[in-house]
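Below, chains carry the letters A, B, ... as their sequence lines are ordered, and counting in each starts from 1.
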Amino acid sequence: MNRIDELFAKKNKKVLNVYCTAGYPHLNSTVEVLTALQQNGADLAEIGMPYSDPLADGPVIQQSNMIALENGMSISILFEQLQQVRETIALPIILMGYMNPIMQYGLEKFCADAEAVGVDGIILPDLPMYEFETIYKDLFNKHNLRFIFLVTPETGEERIRKIDALSSGFLYAVSSSSTTGNNKAISDQSNYFKKLQGMQLKNPILVGFGIKDRETFQTACANTNGAIIGSAYIKALQDSVNIQASTKEFLNSITA
Amino acid sequence: MMTTQQNNFAVNEHGYYGDFGGAFIPEMLYPNVKQLQEQYLQIMQEPAFQQELQQLLRDYVGRPTPLFLAERVSEKHGVKVYLKREDLCHTGAHKINNTVGQILLAQRLGKKRIIAETGAGQHGVATATVCALKGLECIVYMGEKDIERQAPNVARMQMLGATVVPAISGSKTLKDATNEAIRDWINNPVDTHYIIGSVVGPHPYPDMVARFQSIISEEIKKQLLEKTGSELPTHVIACVGGGSNAAGAFYHFLDDLSVQLVAVEAAGCGIDSGMSAATSQLGKPGILHGSKSLLMQTEDGQVVEPHSISAGLDYPGIGPLHAHLFKTGRAVFMSATDEQALKAGFEISRTEGIIPALETAHAFHILNEMTFRKDDVVVICLSGRGDKDLATYMKYL
């Protein structure tokens, strides 16, 4: 069984998904970050594959992408780093990134390698439904990879249902129309979360973008299954001398 | 006259030209892009829209632009060379053909705020100009490095009332200005229209911008018919960065296979120098700014920063239409180096009394590399004037 499905079968409230860019803050910190997340209460880990032109990301994650690329991170190196990850990490792992680096790596090889190291799901915000449906869907299925689509407050109900039907694992509900790490008030979005909750979708819903502290996490969780934190965690690691300690402090501030 | 044969080079309903195009956008952009996809053709075909557009193109932009027989150049190359004088458009380049069209479209979509990206500043100036004309707020994203290099155009935009926002991410040039404009659009999904300046971006932009620029080849046909008795030239030559002036100059000749289309890219310091912008030679299929096309990138799929002496050509991709023309062989892709372009720029200045933009100078160089028959008719799209490039030209005086 896929680890994302297992997780939601066991836990469907206050699920915490934490994002970190692979190769950030240091080239070899990826597994250390995963370990710290697992030991300090994260339920899922989302690993960003750095890209020179991350369109959907705000300044904090852009910066982490640049640092990771300067550190020498690539998809091949990431898969090498994840080679033995399943010996110690039980968390579901999601890879998030943009289409271009994956196209160059080769989509088939990417899916096969992701499955081989134990990745559970994929988020590619710039892969549209049309391309997914007509070209790639079977490939992700074949490799037991859940494919997670985004919905936003501007997404119409009919389209939400279509996205839900094509998605697996969970639905990524973007909290407001923005790039990642925004400061728009998430409290204004309760109606949107309630609407999603009321639609009886097949996938659990995790809210992302602008979740940065205990308060925003609670707000996001009130009407959904959980939330995703990215930029705030990247910031917490920015000047960290001890990833384990910084992660513990950060996650405690969210969930304790 | 409309051609009746099937157009093999038109975009399909999903935004593809053969293997290239599409709309690779995050869901946050979907409502805006979908709205454009559904409405652009309909709006552009409305009689009232066309009437307003044609009037502005005539009375404000200064169209039709002349088709000028460049006699001394013709004599040198032993062939008739006509120049399509887009440099005589208001603001000094073809860019305004597109911004005039898109501002009218934005008004009909009820948008109040306009954003744009710019490299050298020509598209930024053309956007700021139409925003001033229509009283709409205008924000132009420009790479921090380009702001330093193109100070006069920054001043022009500001004088026209636009806010110029430095793009400080990535390599701080056109590619990053485009990223920042797209991010602005994600953050302002309701009131904002994004005027992309070239035939790039998610569907329908490549087709929409090509249609607004197609006035160039529409006029060439009429003018050639008057001057030569035939509306078809044997060659059309245009420079390609993203490819908007080339798309406009090629558009109505795409299905006339007797017309040789020549796209000229910037080779920079030489194609193999590591300092080049010749995307068709150096690029591989990839996705940038919402469409699949040819893209200069590392083996890992990270986009690389191109180089050209001309800021309008140093874009790491080309529009998906051009990638398709390259792949199918419908257009020949050639290139000119920085040095060759400079030399051609000086030569045209001194033989025809026209100082061309550095971008256009690349197209002129290609005359030296081609062989013609004496009854050939060559049209070069003179996409812009060289005033903006004087600082560069002066170094070589």
Counting only non-hydrogen atoms closer than 4.5 Å, does [X] touch chain A with its backbone (N, CA, C, O), its side chain (CB onward), both, or neither?
X	answer
B/Ile168	neither
B/Val304	neither
B/Lys292	side chain
B/Tyr30	side chain
B/Glu180	side chain

> Are any side-chain N or O atoms of A/Arg159 and backbone N or O atoms of B/Pro31, one a donor and one an acceptor, separated by less than 3.5 Å?
Replying inline: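 The answer is no, because no donor-acceptor pair under 3.5 Å joins these two groups.
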
Where does [X] contact chain B at under 4.5 Å (heavy atoms): side chain, backbone, both or neither?
X	value
A/Ile102	neither
A/Asp57	backbone
A/Glu154	both
A/Phe209	side chain
A/Pro50	backbone

Which heavy-atom pair separates [X] from [Y] by the least distance, and what is that distance?
X	Y	value
A/Met99	B/Ile287	CB-CD1, 3.6 Å
A/Gln62	B/Ser169	OE1-CB, 3.2 Å
B/Ile186	A/Thr179	CG2-N, 3.8 Å
B/Leu288	A/Tyr51	CD1-OH, 4.0 Å
A/Met103	B/Pro285	CE-O, 3.8 Å

> Is the shortest heavy-atom distance from the side chain of B/Leu295 to the side chain of A/Asn100 under 4.5 Å?
Replying inline: yes

>> Could you tell me if the side chain of A/Ser52 sits less than 4.5 Å from the side chain of B/Val303, heavy atoms only?
In response: yes

> B/His14 vs A/Tyr130 aromatic rings, parallel, tilted or perpendicular, using cut-offs 30° and 60°?
Replying inline: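 Correct class here is parallel.
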
> Any side-chain donor-acceptor pair under 3.5 Å between A/Gln104 and B/Gln297?
Replying inline: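 Yes, side-chain donor-acceptor contact under 3.5 Å.
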
> Would you say the side chains of A/Ser177 and B/Asn187 form a donor-acceptor pair under 3.5 Å?
Replying inline: no

> Any residues in residues 189-198 of chain A near chain B, with a heavy-atom distance under 4.5 Å, and which are they?
Replying inline: none

>> Does anything in residues 66-74 of chain A reach chain B? List residues with heavy atoms under 4.5 Å apart, or say none.
In response: A/Met66, A/Leu69, A/Ser74

>> Testing A/Leu150, A/Leu55, A/Thr155 one by one against B/Met28 for a side-chain contact (heavy atoms from CB on, under 4.5 Å), which residue passes?
In response: A/Leu150

Atom [atom1] of [X]: over 12 foreign heavy atoms under 6.0 Å:
X	atom1	result
B/Gln35	CD	yes
A/Glu108	CD	no
A/Lys202	NZ	yes

> In Å and rounded to the nearest 0.5 Å, what is the CG to CG distance from A/Asp53 to B/Asp176?
Replying inline: 6.5 Å

